[in-house]
Protein chains: 2
Amino acid sequence: MQSFTEENYLKTIYNLANRQQGEVSTNALAEVTATKAASVTDMLRKLSEKQLIHYKKYQGVRLTEEGERLALQIIRRHRLWEVFLVEKLGFSWDQVHDIAEELEHIRSEELVTRLDTYLGNPQFDPHGDPIPTSAGQMPETGYRKLSEAEVGEGVCLMAVLEHSAGFLQHLDYSDLSLGSTVIVQEISAFDKSFRVQTETGRTVFVSHEVAKNLLVN
Amino acid sequence: MQSFTEENYLKTIYNLANRQQGEVSTNALAEVTATKAASVTDMLRKLSEKQLIHYKKYQGVRLTEEGERLALQIIRRHRLWEVFLVEKLGFSWDQVHDIAEELEHIRSEELVTRLDTYLGNPQFDPHGDPIPTSAGQMPETGYRKLSEAEVGEGVCLMAVLEHSAGFLQHLDYSDLSLGSTVIVQEISAFDKSFRVQTETGRTVFVSHEVAKNLLVN
DNA sequence: ATAAAAATTTAGGCTAGTCTAAATTTTTAG
DNA sequence: CTAAAAATTTAGACTAGCCTAAATTTTTAT
């Protein structure tokens, strides 16, 4: 059985590894976990002893099979709780991250199973992220970033890479909601921002920074 | 903001104070929290410094107003989550205590408010315990123990004092469910056990020990 | 009333997870 | 290729919460 802290490290290592490529660095972990590099090193030694990560001093870290299994279990819980908070309790998608961050650590297989059933076995969370299966598989999505789309394309907004309340609220204001389709009308040569037409007919500008954090189909 | 551990102590002090009369002893706390008396003393000093309890060495302990407010908040969360687990996820009443024990520590006023609304502002949890109000009041019930009833009386089963899975399952087997009425047919002079007729017509025997843990109206 | 028993507190120590400062290793720039 | 910079680890220390053993206070039984 792992502590909350260990679970958070495993989850963070998984997320960083799948965002960047390859090994995860001590400093990157320190930044995300809001601790110092020295503290991270301590924890890496511990997780390594428990065979949850592959760790060579100074060489970065990656999850073992068992470590990944645990990470996916935690991510599954997190995403199911987010669905619950939005679908059942009526929270908006920019309010649920921190609460789910706590709920994900509740230890009960039975609870997760029943919650999943209760929610109708959802495949995606409110941010469009796929929910790992109970068997421990992360579904593939094949999305690409809006920033990679070209002029004239019509694309469907599927997920966000950034979960901060500020970013999500910005999308709300811009009439960009998941599941809706936008048509790329122009890409500015000046700042690579996108001019798109939303499903409701509005024309909105999407900065390159925002476009890089929007996944489309 | 309190730690999980501090919250558990506050809750436990509240429960012990309202079960027994007057001050709560160090040993009683050690037993319920499954720690040693010395550890309890440490925590009492800490809670006392935080003005959450009135504490004089060797004299036992009781909650301050602020301490009681916090204790009731935690008990409110616990009981609301128990309702959720039973009503929405379909757990049985003997499975929910431990899970609610973890859920009660999730820190979000908004979450509790929305959960309460979602559940239809329930007044009692699955064990018949009243749910403290959002204003921090513990509703009075005026129940008495089945063990205090007399032959010939018909009483309605309202709540249980013991929450262990074993006890609750025993009630299930005995056809004793909350909300149902039983008629006291005989009280054994030998062992003070009760012979009662249940709502479905069954005659069952209730030991004195069980009768002391059943609240009726 | 007082000695034995029970309850409680104190003293000193342990682990998990964190920190700062210093030492070490790796990477990068010239 | 090597010196400076950056990244990482080690060393030593702190807090929360727990422990055991010993000391102290309160309660109980004669």
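Here is the naming used below: chain letters follow the sequence lines, and residue numbers restart at 1 for every chain.
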inquiry  = Can you measure A/Lys36 atom NZ to D/dC14 atom C1' for me and round it to whole angstrom units?
reply    = 15 Å
key: Those residues of residues 54-62 of chain A lying under 4.0 Å from DNA chain D by at least one heavy atom   = A/Tyr55, A/Lys57, A/Tyr58
task = Side chain of B/Thr35 only, please: which of C/dT9, D/dC18, C/dT18 is the nearest?
result = D/dC18
query = A/Asp42 has a side chain; which of D/dT9, C/dC19, D/dC19 sits nearest to it?
reply = C/dC19
query = What nucleic acid atoms does A/Ser39 come within less than 4.0 Å of, heavy atoms only: base, sugar-phosphate, or nothing?
reply = base
key: Output field: ring centroids B/His97/B/His127 closer than 6.0 Å   = no
note = Side-chain atoms of A/Asn27 come closest, of C/dT8, D/dT8, D/dT20, to D/dT8
task = Figure out the CD/P separation between A/Glu31 and D/dA7, and round it to whole Å.
result = 11 Å
key: Nucleotide D/dC18, atom P - distance to CZ of B/Phe4 in whole Å   = 13 Å
ask   = Considering residues at least two apart in sequence or located in another chain, which fulfil the salt bridge (charged side-chain N to carboxylate O under 4.0 Å, His left out) criterion with A/Lys212?
value = A/Glu209
ask   = Under 4.5 Å between any side-chain heavy atoms of B/Asp172 and B/Trp93, yes or no?
value = yes
request  = Answer yes or no: does a side-chain N or O of B/Thr26 lie under 4.0 Å from OP1 or OP2 of C/dT9?
outcome  = yes
task = Please answer whether the main-chain N or O of B/Gln2 pairs with a side-chain N or O of B/Arg107 as donor and acceptor at a distance below 3.5 Å.
result = yes
inquiry  = Tell me whether the side-chain N/O atoms of A/Thr41 come closer than 4.0 Å to OP1 or OP2 in D/dT9.
reply    = yes
task = For A/Leu168 and A/His163, work out which heavy atoms get closest and say how close.
result = CD1-O, 3.6 Å
query = Using a cut-off of 4.0 Å on non-hydrogen atoms, how would the nucleic acid contact of A/Tyr9 be classed: base, sugar-phosphate, or nothing?
reply = sugar-phosphate
key: Whole-Å distance separating the CE atom of A/Met43 from the C1' atom of D/dT10   = 17 Å
Length of the line joining A/Leu44:CG and D/dT10:P, which is rounded to integer Å = 11 Å
Between C/dT18 (C1') and A/Arg45 (CZ): distance, integer Å = 13 Å
inquiry  = I want to know whether B/Tyr9 and B/Phe4 have ring centres closer than 6.0 Å.
reply    = no
request  = Could you pull out the closest heavy-atom pair between A/Val196 and A/Val184, with the gap in Å?
outcome  = CG1-CA, 4.2 Å
request  = Please state how far atom CD in B/Glu49 lies from atom C1' in D/dT15, giving the value in whole angstrom units.
outcome  = 13 Å
